[in-house]
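So the structure is just underneath, and the comments pick up after that.
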2 protein chains.
Amino acid sequence: MSRKVSPASVAPALLGAFPEPGHDHAHCVDVALKQAESICQERGARLTDVRRRVLELVWRNHRPVGAYEILEHLGNSRKRAQPPTVYRALEFLLAQGLIHRIERLNAYIGCTAPERDHDGQFLICRDCGATAELLDRRIDTAIHAGASAAGFTVEHPTVELEGLCAKCRSHDHHG
Amino acid sequence: MSRKVSPASVAPALLGAFPEPGHDHAHCVDVALKQAESICQERGARLTDVRRRVLELVWRNHRPVGAYEILEHLGNSRKRAQPPTVYRALEFLLAQGLIHRIERLNAYIGCTAPERDHDGQFLICRDCGATAELLDRRIDTAIHAGASAAGFTVEHPTVELEGLCAKCRSHDHHG
DNA sequence: ATGACGTATGTTATGTTATAACAATTGCTG
DNA sequence: CAGCAATTGTTATAACATAACATACGTCAT
Ligand SMILES: [Zn+2]
Ligand SMILES: [Zn+2]
Ligand SMILES: [Zn+2]
Ligand SMILES: [Zn+2]
């Protein structure tokens with residue numbers, strides 16, 4: 001019944017880590033939706049049906065999801081939703097910090113720490129597509145320092161790191 | 001007539017720095033084209049007319065340029081080129097490391113250090129659009145360290161930093 | 001409750017970015 | 001010149017995103 005959820009109490013295993021293959025993903029989705037409800041209520045933002053539905057679809061797995069992929073799953077069997085419906089929901093969720101946009105992929109992924117105001121760093125596996133969010137102070141520090149040296153003030157960093165996750169690297173090695 | 005151009009001898013003022021308002025940009029273009037010629041010759045890659053022309057257009061200024069913007073300037077007055085022409089040239093230039101793609105903007109910018117194999121970091125001014133390339137070891141190090149801690153191997157980092165350049169920040173301040 | 005207002009969603013059309021597929025041309029080499 | 005690979009031309013379409021206007025829905029003052 002708590003309205004305020006402390007960051008440490010929710011989804012702690014996913015910050016900067018890739019999810020285990022057999023993890024309880026229903027739990028991930030559940031936590032994400034509860035956090036969203038709580039955050040929106042605090043702020044007086046309206047988490048409507050469409051928006052909740054889109055958030056749920058973004059959280060279908062730990063890979064970034066495209067807007068048109070969401071669109072396909074959004075319709076009520078016979079009635080297909082239109083692009084603006086999805087894009088407006090995504091815009092809302094981005095504004096509330098509930099999801100992030102992955103620029104490299106024109107796709108969206110659920111935020112694992114929506115209570116904090118941040119721009120995350122993303123680890124994107126080129127093999128399995130799994131994507132983890134990092135919140136690394138040292139990366140932020142290095143970026144701000146490097147930019148400062150050029151007289152530049154960073155406001156919105158985009159850090160998207162394509163590579164291989166541990167699981168896929170070991171496959172490459174042994175296979 | 002030197003075929004090999006040492007990195008230190010060309011465009012040294014632009015690495016990690018924003019260009020001065022009144023700088024000799026024809027020189028920037030000239031250097032970029034000469035480097036491109038030299039690099040392609042070394043590698044046996046063919047810098048054809050179309051490719052050189054596109055590279056020149058990417059270098060028209062120090063802001064990322066979209067493919068369709070290039071397209072507009074590519075035609076020979078009455079004959080408009082088609083998208084694949086531009087995209088194929090961009091693909092070649094990317095493969096040779098002569099340009100970079102800015103994912104946030106779906107746009108392309110000339111590389112200021114094409115002799116080195118690298119993924120740069122980009123400082124993108126939200127006000128004037130000027131974009132500078134950074135090659136900061138400490139950012140790279142922090143990124144690889146942070147990713148390693150999550151068992152992730154970074155192969156292709158995208159670092160695009162939107163903010164305010166020194167000039168625009170001072171305008172904001174004083175204006 | 002009723003109307004007025006602001007927010008959210010539906011709907012249609014279009015804009016923007018990128019690629020697939022195949023034909024024609026060019027440059028090189030035997 | 002013939003043969004071959006690389007490049008460019010051409011047509012069509014895919015993928016991603018937004019503009020503009022209509023309709024519905026929630027909230028509040030009357
Ligand atoms: Zn999960
Ligand atoms: Zn996040
Ligand atoms: Zn210049
Ligand atoms: Zn570069």
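First the proteins, then the strands, lettered A, B, ... as listed; each starts at 1.
Straight-line distance from the CG atom of A:L90 to the P atom of D:dT18: 10 Å, rounded to whole Å. When the P atom of D:dC16 is taken as reference, atom CD of A:E103 falls 13 Å away, rounded to whole Å. Nucleotide C:dA20 holds its C1' atom 13 Å from the CD atom of B:E91, rounded to whole Å. At whole-Å resolution of the value, CD in A:E72 and P in D:dA15 are 10 Å apart. If you take CZ of A:R104 and P of D:dA15, they are 20 Å apart, rounded to a whole angstrom. The separation between A:L47 atom CG and D:dG26 atom P is 15 Å, rounded to whole Å. If you measure from atom CD of A:Q96 to atom C1' of C:dT7, you get 14 Å, rounded to the nearest angstrom.
Residues B:H118 and B:E133 bring a donor and an acceptor atom of their side chains to less than 3.5 Å of each other.
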Requested in this report: For each nucleotide in nucleotides 10-19 of chain C, reading 5' to 3', give B when a protein heavy atom comes within less than 4.0 Å of its base, S when such contact involves only the sugar-phosphate, and - otherwise.
Outcome: BBB----BBB
Query raised in the report: With the sugar-phosphate defined as primed atoms, P, OP1 and OP2, and the base as all remaining atoms, what B/S/- string results for nucleotides 23-30 of chain C, 5' to 3', for protein heavy atoms under 4.0 Å?
Result: ----S---
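A 4.5 Å side-chain heavy-atom check between B:R53 and B:H73 finds every atom pair outside the cut-off. Inter-residue side-chain proximity for B:T112 and B:C28 is flagged as unmet; no heavy-atom pair is nearer than 4.5 Å. Side-chain contact between B:H156 and A:R104 is present, with heavy atoms from C-beta onward closer than 4.5 Å. Residues A:F18 and A:T131 have side chains not in contact (no heavy-atom distance under 4.5 Å, counting atoms from C-beta outward).
A:R52 and A:D49 are joined by a salt bridge, as a carboxylate oxygen and a charged side-chain nitrogen come within less than 4.0 angstrom of each other.
Atom CD of B:E160 sits about 7.5 Å away from atom CZ of B:F122, to the nearest 0.5 Å.
A:H27 has its ring centre no less than 6.0 Å from the ring centre of A:H25.
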